[in-house]
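Residue numbers start at 1 and run along the sequence shown.
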Amino acid sequence: MSPPARFIVIAALACCAAITPPFPHAQGDDCGPLPSVVGCGASAGPDGSFHGVIGVAGQAWVLDVSSHSGTTAGCGDCSWSVVLDCPFNSPGNPDSDFGCAGLTSNSTCGPDETPYRLYLSTTEVADRLVGTVCLGGASHIVEVGVDAQADVERYLRDVTPPDLRITARPRASTLTGLPTYFTASAPDHGLGPLSFGGPSVSESITLVPEQVMWQWGDGDATGWVALAATQVHRFLTSGELACVLTTRWGATYTATFGGRTVGPYDATGELTRAQPFIERVDTSRPVLVSGD
């Protein structure tokens, strides 16, 4: 004999309530009370949104898809949202319990995981369904791009770039009024790639000298010029002049998560290094040469 229809409805709702985890609304300082869909250190918005390149341990497709999404490098305009994979749920209605009965038993997720729908929004699309991701237990969304960018910014605040190689012709000293030729080149070592970060997200960064500015110690300077450009200067003051070569550095980096690497991406921010050097300038004197 079939149970009354009311009993079926009550059982379905009870099942749904049992498998529906609380959705993240705020992040505590210690991440203790947060559900594993967010994970400690994630910066999900109050609506459960994530940004940039994301990943989930053991589900490599999430990192692969996100690293190739968006209209800017590093998925810069990507916003992701997750909703419980129930028939009537959507980004506009993420918490509906209706139709959730039997959700976990019909999924390919592990016993401690729950299937969620993953949606992508960019400047070109809104709430596009990307796929189903299993979250819960040890599986949570990691903002790989956000974490990597924060690590890179900290690294660039603390790093001291190496000196460039400066070549002057003539080498030992020059004479007032005569042209002196200067070139600068990157050193053979110390630019990278250097690895840091972890344990979840690690980075590898390479420093690149982009532009230089020459200050000649006599009040004259070049402004920012290309690194490879040869500079010609005529000193009108003799002595040991305190010159400065200032380098504007850029950086590129890759991010590794779950054994997979994405990038390279351009690091943001400006990194400069002032490199003093001494140029010896002797006074040139006219010399009479006999015509005999």
Considering only heavy atoms from C-beta outward, does the side chain of [X] approach that of [Y] to under 4.5 Å?
| X | Y | value |
| --- | --- | --- |
| W80 | C75 | yes |
| L164 | S185 | no |
| C78 | L120 | yes |
| T272 | T247 | no |
| E240 | E279 | no |
| V262 | R260 | no |
| F50 | V82 | yes |
| T132 | L118 | no |

Nearest 0.5 Å, what's the [atom1]-[atom2] distance between [X] and [Y]?
| X | Y | atom1 | atom2 | result |
| --- | --- | --- | --- | --- |
| Q275 | T246 | CD | OG1 | 9.0 Å |
| Q59 | S139 | CD | OG | 5.5 Å |
| F277 | C243 | CZ | SG | 4.0 Å |

Tell me if a side-chain donor or acceptor on [X] pairs with a main-chain N or O of [Y] at a distance below 3.5 Å.
| X | Y | value |
| --- | --- | --- |
| D77 | T123 | yes |
| T167 | T183 | no |
| T174 | P170 | no |

Grouping I, L, V, M, F, W and Y whenever their side-chain heavy atoms are under 4.5 Å apart, do [X] and [Y] come out in a common cluster?
| X | Y | answer |
| --- | --- | --- |
| Y116 | W61 | yes |
| L241 | W216 | yes |
| F182 | M213 | no |
| F196 | V53 | yes |

Q. Does the side chain of D218 pick up a donor-acceptor pair with the side chain of H233 at under 3.5 Å?
A. yes
Q: Just do the side-chain hydrogen bond (donor to acceptor under 3.5 Å, both in side chains) check on D282 and S238 with the steps written out, would you?
A: CA-CA 5 Å; D282 295 329; S238 62; over 6 Å; no
Q: Given side chain to side chain contact (heavy atoms under 4.5 Å, CB included), test T176 with T237 step by step and report yes or no.
A: CA-CA 6 Å; T176 56; T237 304; 6.0 Å; no
Q | Pair W249-R273, side chain to side chain contact (heavy atoms under 4.5 Å, CB included): steps then yes or no | A | CA-CA 8 Å; W249 292 83; R273 171 80 188 278; 3.8 Å; yes
Q) Excluding sequence neighbours, so at least two apart, what forms side chain to side chain contact (heavy atoms under 4.5 Å, CB included) with V225? A) V212, W214, T222, Q231
Enumerate donor-acceptor pairs with a distance under 3.5 Å from any side-chain N or O in residues 200-211 to protein atoms, sequence neighbours excluded.
unit_1 : atom_1 : unit_2 : atom_2 : d
Q211   : OE1    : R248   : NH1    : 2.7

N/O donor-acceptor pairs under 3.5 Å from side chains in residues 152-162, not counting sequence neighbours:
unit_1 : atom_1 : unit_2 : atom_2 : d
E153   : OE2    : Q149   : NE2    : 3.4
R154   : NH2    : D151   : OD1    : 2.3

Q | Test side-chain hydrogen bond (donor to acceptor under 3.5 Å, both in side chains) applied to S121 and D127, step by step | A | CA-CA 5 Å; S121 294; D127 294 328; 3.3 Å; yes
Q. Around atom CZ of R165, are there more than 12 heavy atoms of other residues, nucleotides or ligands at under 6.0 Å?
A. yes
Q) Among D147, L63, V62, which one satisfies side chain to side chain contact (heavy atoms under 4.5 Å, CB included) with V142? A) D147
